Every structure is written in C-alpha cells, then in structure tokens.
Amino acid sequence: MRTHLSIGEKLKDLRTEKKLTLLQLEKETGISKSVLAGYEKIDDSNNQTIDNFALAKLASYYNVSADYLLGLTDNLNEAHTPIEELHLTDEAIEVLKSGDINPYLLSEMITHPKFITLMEDIEIYIQGSVTFQFNLLNAQIEVMRANIESMRKKNKSKKDIYEKATERAFIGESDFFSYQTHRELLRILKDLRQKHKNESENMTIDKEYVMPEFKKESILHTAERLEEYLEDENTTIEELENEESPSV
C-alpha cells in the first residue's frame, strides 16, 4: 500500500515511469549517472542531500515541484490547491490531519471506479429520494396480496405459491440500499486487496499513517476469551465487552 515516499524513491519512480536508464537520464539532464544513482538512494535513514542545481534541473525535467521531490508534499499535480476547493468541513480536515486514518488508502478508495456509484447510492438513501417509489411499489404488492387472499378465502382453499410470493415480495428501502452499498464497497475492498496482494511484508511503513499494532498478548487474550465464549453459552457479549483487557 502506498506510503510516504523518500526523495530517492520519488526520483526512481519518476525515472522508471519515463522508462529511462540512469545513462539516458544523464544525457537528458547533464547530471552524471553516479550522482543520479546516489540521489535515488536518499532516504530518511541517511544524511544525503540533493544540491540546489540538481533539484531545480530534475524538478523541471520531470515537471514536478521541488516541494514534491523534497517531501514537503506528496501531490504531483495539486500541491497548492486551496483547501476551500475541496469542500471539506473543519471536522473532516481535522480527521485527515490527525493520522488516525491512512490517507493513502482513502485516496485509493476514492479513485476506484466504483466509488462514485457507492457515493451516489449513499446520497440517494440519505436524502430519501426514492422513498415514495418504494412505498408505492409495496402498496401495489399489498393490494395484490390482499386480492389473492380474498379469493383464497372465498374459495376456501389453502395458500398457494403466488400468495406466499406476494407476502415475501415487500422491499425494504434500508435493506435494499444496505445490500447495494455493501456489494459496491466489498468490490472496492477486494480490488484494493488484490492490487496490494504481492507487496512485501517487510516493507518500510511510515508509522504516522498506520494504525498501532496490537501486542501479541492482547491478541492471544482475545482469542482465548472468544474460545471460552463459544464454549460457554451463558457468557454474554456485555461481559466480554466489560472485561478488562491486558494493557497494550
């Protein structure tokens, strides 16, 4: 999953995107191959820097800002977009700044092709735009069901498959949108999981943008309590929730 990139990683990514070798880049920029190779090794663990001439030359060549290369922003094209253009509330901005969520994962979700459809369905449900249509459809089904029931009672016959079908045909608005949004969100999550399936487990993670890791003792404690809960039918969920967990 995308994390905060070092100067070296950004330079290497930009070069590989253009399908250039270090020798080709040397001819394009006038910066020696060995120096370029050194720049691509710059990360947060060493004290290497990039000189101002090379910084300006590479930023110009790749058509990115110097701020992007220096790690002051991770935005290639929208580094200086006014915050008001994003139409975010103050509360939303505080959440994004807090580090409690992974902004890169959020960005991948937002840019997924199915995300717009997901948001459209959420908006339709919240605004109640189709509540009348659901009510009308269910009213029509109720009329049909009542007519079938009346005919059955008149003929003193047992319930048939058609009457049972109309009893089950009512469509709950919340149930429908719950199914729709769940299906769309699950498609997004599956696609992102597949996208990152082959990423190394040993990759360097920027701790600022990931959730804290659970300690092994806490995980084992949770597993033990779940096992006890499954074995003891008298144990309640409330008891599990109120039980004091080992410190993390």
Side-chain angles (χ1 to χ4, degrees), residues 1-88 92-116 118-119 187-211:
M1 191 173 298
R2 183 190 171 200
T3 57
H4 181 72
L5 300 177
S6 67
I7 295 175
E9 289 172 323
K10 288 180 177 179
L11 287 171
K12 187 172 183 178
D13 284 351
L14 289 168
R15 178 174 60 80
T16 54
E17 282 176 10
K18 284 184 171 289
K19 299 180 180 179
L20 295 172
T21 65
L22 287 170
L23 183 59
Q24 290 171 325
L25 185 59
E26 177 184 46
K27 294 177 180 178
E28 293 285 337
T29 62
I31 304 171
S32 73
K33 182 177 71 171
S34 60
V35 171
L36 291 170
Y39 289 156
E40 291 187 4
K41 294 178 181 178
I42 296 177
D43 60 35
D44 298 333
S45 66
N46 57 47
N47 295 320
Q48 290 178 284
T49 59
I50 180 171
D51 68 61
N52 292 335
F53 170 78
L55 178 65
K57 190 74 176 179
L58 290 169
S60 175
Y61 179 74
Y62 288 127
N63 194 28
V64 298
S65 68
D67 284 351
Y68 173 75
L69 292 181
L70 291 173
L72 300 178
T73 177
D74 285 327
N75 297 99
L76 273 169
N77 303 315
E78 302 292 343
H80 303 293
T81 299
I83 196 69
E84 60 268 17
E85 289 186 14
L86 300 178
H87 306 292
L88 296 172
I93 294 171
E94 287 303 313
V95 170
L96 292 172
K97 290 167 58 179
S98 70
D100 292 337
I101 64 172
N102 186 326
Y104 301 120
L105 177 57
L106 180 61
S107 296
E108 288 188 309
M109 291 180 65
I110 290 174
T111 54
H112 188 281
K114 289 288 183 182
F115 187 79
I116 293 178
L118 172 64
M119 289 302 298
R187 180 70 269 166
I188 293 172
L189 298 182
K190 283 184 175 180
D191 286 349
L192 293 181
R193 182 171 182 172
Q194 184 63 33
K195 177 181 176 182
H196 298 292
K197 184 177 180 180
N198 298 322
E199 289 186 352
S200 171
E201 294 181 358
N202 298 321
M203 66 182 293
T204 302
I205 304 275
D206 187 341
K207 296 300 182 182
E208 182 181 356
Y209 295 117
V210 295
M211 301 297 286

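Bear in mind that the values here come from a model prediction, so they are computed numbers and not experimental data. For the single chain, residues carry numbers from 1 onward in sequence order.
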message: Closer than 4.0 angstrom, basic N to acidic O: yes or no for Glu108 and Lys195?
response: yes

query: Is the closest basic N to carboxylate O distance between Glu9 and Lys12 below 4.0 Å?
result: no

How long is the straight-line distance from [atom2] of [Y] back to [atom1] of [X], given to the nearest 0.5 Å?
X	Y	atom1	atom2	result
Lys33	Leu25	NZ	CG	12.0 Å
Thr111	Ile116	OG1	CD1	10.0 Å
Glu84	Leu86	CD	CG	8.5 Å
Leu11	Leu36	CG	CG	8.5 Å
Ser98	Ile93	OG	CD1	12.5 Å
Ile188	Ile110	CD1	CD1	10.0 Å

Identify the two heavy atoms, one from [X] and one from [Y], that lie closest to each other, and give their separation to 0.1 Å.
X	Y	result
Ala59	Ser65	CB-C, 4.2 Å
His112	Asp191	NE2-OD2, 2.8 Å
Met109	Leu192	CG-CD1, 3.6 Å
Glu40	Leu22	OE2-CD2, 3.7 Å

query: Is NZ or CZ of Lys18 both nearer than 6.0 Å to the six-membered ring centre of Tyr62 and within 45° of the ring axis?
result: no

query: Can you list the residues that meet the side-chain contact (heavy atoms from CB on, under 4.5 Å) rule with Ala56, with sequence neighbours excluded?
result: none

Counting C-beta onward and ignoring hydrogens, is there a side-chain heavy-atom pair between [X] and [Y] closer than 4.5 Å?
X	Y	value
Leu58	Leu14	no
Tyr61	Ile31	no
Asp100	Val95	no
Asp51	Tyr39	yes

message: Applying side chain to side chain contact (heavy atoms under 4.5 Å, CB included) to Leu70 and Ile7, what does each step give before you reach the verdict?
response: CA-CA 6 Å; Leu70 291 173; Ile7 295 175; 4.3 Å; yes

message: Is it the case that over 12 heavy atoms from other parts of the model lie below 6.0 angstrom from the CG atom of Leu106?
response: yes

